[in-house]
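Notes for the one structure printed next.
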Amino acid sequence: MSFQIPRGTQDILPGEVEKWQYIEQLARDLCRRYNYQEIRTPMFEHTELFLRGVGDTTDIVQKEMYTFEDRGGRSITLRPEGTAAVVRSFVEHKMHGQPNQPVKLYYIGPMFRYERPQAGRFRQFVQFGVEALGSNDPAIDAEVIALAMDIYQSLGLTKLKLVINSLGDIESRKAHRQALIAHFKERIGEFCADCQTRLEKNPMRILDCKKDRDHELMATAPSILDYLNESSRTYFAKVQTYLTKLGIPFEVDPRLVRGLDYYNHTAFEIMSEAEGFGAITTLCGGGRYNGLVQEIGGPETPGIGFALSIERLLAALQAEGISLPIETDLDCYVVALGEKAKEEAVVLVHALRQAGIAAEKDYQDRKVKAQLKAADRLNAQYVAILGDDELEKQVINVKNMKTGEQTEVPLASFVEYVKQALV
RNA sequence: GCGGCUAUGGCGAAGUGGUUAACGCACCAGAUUGUGGCUCUGGCAUUCGUGGGUUCGAUUCCCACUAGUCGCCCCA
């Protein structure tokens, strides 16, 4: 009997995990600069939260949730996204009453969606996301977008495309919805089955259809931008002004519609335009969700955020041929030959480690040559060789692996010597 | 949820209805009885994703399942 990892999940092994750590660290550092603080919420929540938060007409809720009943008879769901939980926590802990407004939070952790795995799509994947709650200033929209771009650019990605749109406020959306229905209604029979059901449920999504994108009615469809009321239009214009001032290039795409129900006003996506990136090009998606806090039971509070997947970020790095500056070198490898020396090596390695030096020794009872080879494989900067001869003289031979130079050092000052040499 | 392709040692990858399953990398050992990265020599799959079927005989043919992969839907 042997076991396999569950479908759509992955083990991140040494050699790969360092990249994750690097990216996570970078994201955390940037959040500090932008003054976003980490929040950690559970990996599962009451199912109802997602029904209300994400929206029960969305695909995520309708067919992608990991939902189960726990032993207490509660319906529990592994979180498919991060925003609903953050907002839940915001409301539950009454963060709207905190002195520092807006409340700026970030999270990083696994999300779960029951989907068919594909390039850049997993059943468990890691999202990094931020949420800014409590401000209606278009500047915060620009800040959130800037932070997302900053992460990608700090990693060296260049083939990026930022697409933004405004979905308007409730009033604007309503007007647009009516216009869309009127536009498509008579000839909806010429569209795909999905679009036909979308007409009544969420006509905006028709614009996002991949199958019918070339239909003549698509080009002439009423654009949300023409239905934005005064305040929505002003808001969107301001966001664009800020982005321009920040030197962030963007493209307005009136057909950008996000799949989660809670979005309004600013919506954006960052895509990779790298060659051979595959069918899924979206690296990051986000937008404003001004009604969500209330929907979750809190006071009327505006909010905006985004989420990006580390898996796709890594894929984009690979597509652009970028390798991260990851250090895994070992400082010192202690080679020992002979029983006495082996015993002493145990002590020496420990002493090195206590002094803050990354040290290793052999545990496979290998010959000197093989131990050197192991040290070489570990990219050891120095190798310290200890045999009976050295022990007798109370010295140890320290070899610089780059230059090949070897120095005889008194055992008493060995740790200090290595420490100095490494500087 | 739907469709295409794939599944052979740690990795990559040949191959055949029939006694020993190429090769490369990696790994181990030796040449070099205490010194790495080069070279040479040798070693390293009771077994070809799992289960079932066809057959005298299957890793090779068929079916199912599982998984990967690419695409659709959707999304991060």
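Note that the structure is a prediction, hence the values are computed from the model and not measured. Letters A, B, ... mirror the listed sequences (proteins, then strands); counts begin at 1.
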> Reading RNA chain B 5' to 3', how would its secondary structure be written in dot-bracket notation, given Watson-Crick and G-U pairs with both distances under 3.5 Å, brackets [ ] for crossing pairs and | for partners on other strands?
Replying inline: (((((((..(((.....[....))).(((((.......))))).....(((((..]....))))))))))))....
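A distance of about 30 Å separates the C1' atoms of B:C73 and B:U50, rounded to the whole Å. Comparing the C1' positions of B:G57 and B:U16 gives an interatomic distance of 14 Å, to the nearest angstrom. With both ends at atom P, the span from B:G68 to B:G12 equals 15 Å, rounded to whole Å. Remark: the separation of the P atoms in B:A76 and B:G52 is 44 Å, to the nearest Å. Spacing between B:U60 and B:G24 at atom P, rounded to whole Å, works out to 26 Å. Of the C1' atoms belonging to B:A13 and B:U6, the separation is 14 Å, rounded to the nearest Å. Distance check on atom C1': B:U46 versus B:U19 gives 14 Å, rounded to whole Å. Atom C1' of B:U59 sits at a distance of 10 Å from the matching atom of B:G15, rounded to the whole Å.
Residues forming a salt bridge (charged side-chain N to carboxylate O under 4.0 Å, His left out) with A:Glu344 (at least two apart in sequence, or on another chain): none. The salt bridge (charged side-chain N to carboxylate O under 4.0 Å, His left out) test applied to A:Glu115 returns A:Arg121, not counting sequence neighbours. By the ring-ring contact (aromatic ring centres under 6.0 Å, His included) test, A:Tyr66 pairs with A:Tyr114, sequence neighbours left out. Shown here are the side-chain hydrogen bond (donor to acceptor under 3.5 Å, both in side chains) partners of A:Glu416, two or more places apart in sequence or in another chain: A:Gln420. Qualifying salt bridge (charged side-chain N to carboxylate O under 4.0 Å, His left out) partners for A:Arg52, counting only residues two or more places apart in sequence or in other chains: A:Glu295. Remark: A:Glu64 pairs with no residue by the salt bridge (charged side-chain N to carboxylate O under 4.0 Å, His left out) rule, at least two apart or across chains.
Without hydrogens or angle criteria, A:Glu390 side chain to A:Gly387 main chain gives a donor-acceptor distance under 3.5 Å. Listed for the A:Asp331 side chain is no donor-acceptor partner under 3.5 Å among the backbone atoms of A:Ala359. A:Asn165 places no side-chain N or O within 3.5 Å of a backbone atom of A:Thr266 that could act as its donor or acceptor partner. Listed for the A:Arg366 side chain is no donor-acceptor partner under 3.5 Å among the backbone atoms of A:Gln371. Judged purely by atom type and a 3.5 angstrom limit, A:Gln394 uses its side chain to pair as donor or acceptor with the backbone of A:Leu391.
One finds the NZ atom of A:Lys373 at 12.5 Å from the OH atom of A:Tyr333 (value rounded to the nearest 0.5 Å). The line from NZ of A:Lys367 to CG of A:Leu372 is 14.0 Å long, rounded to the nearest 0.5 Å.
In this structure, A:Lys104 forms no cation-pi arrangement with A:Tyr106, as its terminal cationic atom is not both closer than 6.0 Å to the ring centre and no more than 45° off the ring axis.
The stretch residues 123-133 of chain A comes close to RNA chain B through A:Phe125, A:Gln127, each having a heavy atom under 4.0 Å from the strand. Within residues 23-41 of chain A, no residue has any heavy atom under 4.0 Å from RNA chain B.
Within the nucleic acid shown, A:Arg366 comes within 4.0 Å of sugar-phosphate atoms alone, with no base atom in reach, counting heavy atoms only. Residue A:Gly404 is classed as a base contact, given a heavy-atom separation below 4.0 Å to a base. Across all strands shown, A:Gly8 has heavy atoms under 4.0 Å from sugar-phosphate atoms exclusively, and none from any base.
In terms of polar N and O atoms assigned as donor or acceptor, the side chain of A:Arg113 comes within less than 3.5 Å of the base of B:A76 in a complementary pairing. In this model, a side-chain donor or acceptor of A:Glu115 finds a partner on the base of B:A76 within 3.5 Å. Side chain A:Glu390 to base B:G34: a donor-acceptor pair is found below 3.5 Å. Evaluation of atom-type donor-acceptor distances gives a pair under 3.5 Å for the side chain of A:Gln406 against the base of B:U35. Judged by distance alone with a 3.5 Å cut-off, a donor-acceptor contact links the side chain of A:Arg312 to the base of B:C75. Under 3.5 Å, the side chain of A:Asp376 and the base of B:G36 form at least one donor-acceptor pair of N or O atoms.
Rounded to whole Å, the distance from NZ on A:Lys373 to P on B:C28 is 6 Å. As a whole-Å value, the separation of A:Arg121 CZ from B:U69 C1' is 13 Å. Rounded to an integer number of Å, the gap from A:Tyr114 OH to B:G1 C1' is 10 Å. Note: CD (A:Gln4) to P (B:A67) measures 7 Å, nearest angstrom. The distance from atom CG of A:Asp329 to atom P of B:G37 is 18 Å, rounded to the nearest whole Å.
For A:Thr282, counting side-chain heavy atoms from C-beta on, the closest listed nucleotide (B:A76, B:U35, B:U66) is B:A76. The listed nucleotides are B:A76, B:G34, B:C73; the one nearest the side chain of A:Lys63 is B:C73. For A:Val368, counting side-chain heavy atoms from C-beta on, the closest listed nucleotide (B:G68, B:A67, B:U35) is B:U35. Across B:G34, B:A29, B:A67, the shortest atom-to-atom separation from the side chain of A:Asn397 is found for B:G34. Distances were taken from every side-chain heavy atom of A:Ala119 (C-beta onward) to each of B:C70, B:A29, B:G68; the shortest belongs to B:C70. When distances run from any side-chain atom of A:Gln118 to the nucleotides B:U35, B:A76, B:G71, the shortest one goes to B:G71.
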Please tabulate the protein-to-nucleotide N/O contacts below 3.5 Å involving nucleotides 2-12 of chain B, giving atom names and distances.
| residue | atom | partner | partner atom | Å |
| --- | --- | --- | --- | --- |
| B:C2 | N4 | A:Arg116 | NH1 | 3.0 |
| B:G3 | O6 | A:Arg116 | NH2 | 3.1 |

Find every protein N or O atom lying less than 3.5 Å from an N or O atom of nucleotides 38-44 of chain B, and list the pairs.
none

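Residue order along RNA chain B, read from the 5' end via each residue's closest nucleotide, puts A:Thr9 first among A:Leu283 and A:Thr9.
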> Hey, mind stepping through A:Phe68 and A:Leu78 against side chain to side chain contact (heavy atoms under 4.5 Å, CB included) and telling me if it holds?
Replying inline: CA-CA 9 Å; A:Phe68 60 95; A:Leu78 300 183; 4.1 Å; yes
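Judged purely by distance below 3.5 Å, without hydrogens or angles, the side chains of A:Glu269 and A:Thr282 pair a donor atom with an acceptor atom.
Using cut-offs of 30° and 60° for the angle between ring planes, the A:Phe306 and A:Phe128 rings count as tilted.
The number of heavy-atom neighbours closer than 6.0 Å to CD of A:Gln406, taken from other residues, nucleotides and ligands shown, is above 12.
Phosphate contact (OP1/OP2 of B:G30, side-chain N/O of A:Lys367, threshold under 4.0 Å): present. For the pair A:Arg7 and B:U66, the criterion of a side-chain N or O lying under 4.0 Å from OP1 or OP2 is not met.
For residues 173-182 of chain A, no pair satisfies salt bridge (Lys or Arg N to Asp or Glu O under 4.0 Å), with sequence neighbours left out.
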